[in-house]
Amino acid sequence: MTTQSHSVDQELVRAAARVAGTRCRGDNHTMAAAARTRDGRIVTAVNAYHFTGGPCAELVLIGTAAAQGAYELDTVVAVGDRERGVVPPCGRCRQVLLDYFPGLEVIVGEGDRLRAVPIGDLLPVSYVWADHQLEDG
């Protein structure tokens, strides 16, 4: 598999870093995510940590975007609090992001080596939920 890399939306990375630096406090909110919507807006969110498995920032972001009328996301990035920088999505988030937005670009990497890659590249030989649903009829 060859990972195809695209230009990095630096404004998106800065937005996530700003939210991580100003809104993440204590153990309940430790990650921020930002997404570029199809119409160019930036939507941000933070995780809701809980020992029972609270949602990651990327999952909160999906609901936040929908609440703002944005159902198509083009690019997403997550940034950790305490200046941890860009953090790649966990396995559960990778699967959900692929199912919701199969054309999504995800910003990954460290420091000056950030890159935007297709979500499918983060889940090689992936299971696409929609491909396995029976059609009524």
Chemist: Counting neighbours of CD on E83 that are heavy atoms of other residues, nucleotides or ligands and sit closer than 6.0 Å, is the number greater than 12?
Modeler: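 Counting neighbours around CD of E83, 12 or fewer heavy atoms of other residues, nucleotides or ligands fall under 6.0 Å, so no.
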Chemist: Would you say R23's side chain and A20's backbone share a donor-acceptor pair under 3.5 angstrom?
Modeler: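 No; judged by distance alone, with no hydrogens or angles, the pair does not exist.
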Chemist: Do any pairs count as a side chain to side chain donor-acceptor pair (under 3.5 Å) and have a residue in residues 46-75, sequence neighbours left out, and if so which ones?
Modeler: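 Residue pairs with at least one partner in residues 46-75: T30-N47, R38-D74, H50-T52.
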Chemist: Which distance, rounded to the nearest 0.5 Å, do you find between the CD of Q10 and the CD1 of I107?
Modeler: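 Here the rounded value is 7.5 Å.
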Chemist: Considering only heavy atoms from C-beta outward, does the side chain of V79 approach that of V87 to under 4.5 Å?
Modeler: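 In short, these two side chains do not touch, never coming nearer than 4.5 Å.
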Chemist: What closest approach, in Å, do A33 and A16 show between heavy atoms, and which atom pair accounts for it?
Modeler: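 Looking at all heavy atoms of both residues, the shortest contact is C-CB, 4.3 Å.
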Chemist: For the CG atom on D39, are there more than 12 heavy atoms of other groups (residues, nucleotides or ligands in this structure) within a distance under 6.0 Å?
Modeler: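 Correct, the count exceeds 12.
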Chemist: Are V96 and F101 co-members of a hydrophobic cluster defined by side-chain heavy atoms under 4.5 Å apart?
Modeler: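 F101 and V96: one cluster.
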Chemist: Are any non-hydrogen side-chain atoms of V76 and L97 less than 4.5 angstrom apart?
Modeler: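 Touching, per the 4.5 Å side-chain cut-off.
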Chemist: Might you point out which heavy atoms bring A48 and H29 nearest each other, and give the distance in Å?
Modeler: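 Scanning both residues, the minimum pair turns out to be CA-ND1, 4.1 Å.
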Chemist: Would you call I119 and P102 a side-chain contact if the rule is heavy atoms closer than 4.5 Å?
Modeler: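 The answer is no; the side chains never approach within 4.5 Å.
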Chemist: Could you check if a side-chain atom of L114 sits within less than 4.5 angstrom of a side-chain atom of V108, using non-hydrogen atoms only?
Modeler: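 No, side chains not in contact.
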Chemist: Can you tell me which residue pairs pass the side chain to side chain donor-acceptor pair (under 3.5 Å) test with a partner in residues 88-103, sequence neighbours excluded?
Modeler: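 For residues 88-103, and leaving out neighbouring residues, the side chain to side chain donor-acceptor pair (under 3.5 Å) pairs sorted by first residue read Q95-D99.
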Chemist: Do the non-hydrogen side-chain atoms of P88 and L122 ever get within less than 4.5 Å of each other?
Modeler: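 Heavy-atom side-chain distance check fails, nothing below 4.5 Å.
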Chemist: Grab the two heavy atoms, one from G26 and one from D81, that are nearest each other, plus how far apart they are.
Modeler: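 Residues G26 and D81, closest heavy atoms: O-OD2, 4.4 Å.
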Chemist: Is any side-chain heavy atom of C56 closer than 4.5 Å to one of M31?
Modeler: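 No - every pair of side-chain heavy atoms lies 4.5 Å or more apart.
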Chemist: How long is the gap from CZ on R115 to OG on S7, to the nearest 0.5 Å?
Modeler: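 Going from the CZ atom of R115 to the OG atom of S7 covers 14.0 Å.
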Chemist: Under a 4.5 Å cut-off applied to non-hydrogen side-chain atoms, are L12 and I42 in contact?
Modeler: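 Yes; the side chains approach each other to less than 4.5 Å.
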Chemist: When rounded to the nearest 0.5 angstrom, what is the spacing between CG in L61 and SG in C93?
Modeler: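 SG of C93 is found 10.0 Å from CG of L61.
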Chemist: With ILVMFWY side chains joined below 4.5 Å, transitively, what does V46's cluster contain besides itself?
Modeler: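 Under the 4.5 Å side-chain rule, V46 groups with V19.
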Chemist: If you measure from the Lys or Arg side-chain nitrogens to the Asp or Glu carboxylate oxygens, is any gap between E11 and R14 under 4.0 Å?
Modeler: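 No, E11 and R14 are not salt-bridged.
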Chemist: Looking at every heavy atom in both A116 and V8, which two are closest together, and how far apart are they?
Modeler: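 Shortest heavy-atom separation between A116 and V8 comes out as N-CG2, 3.9 Å.
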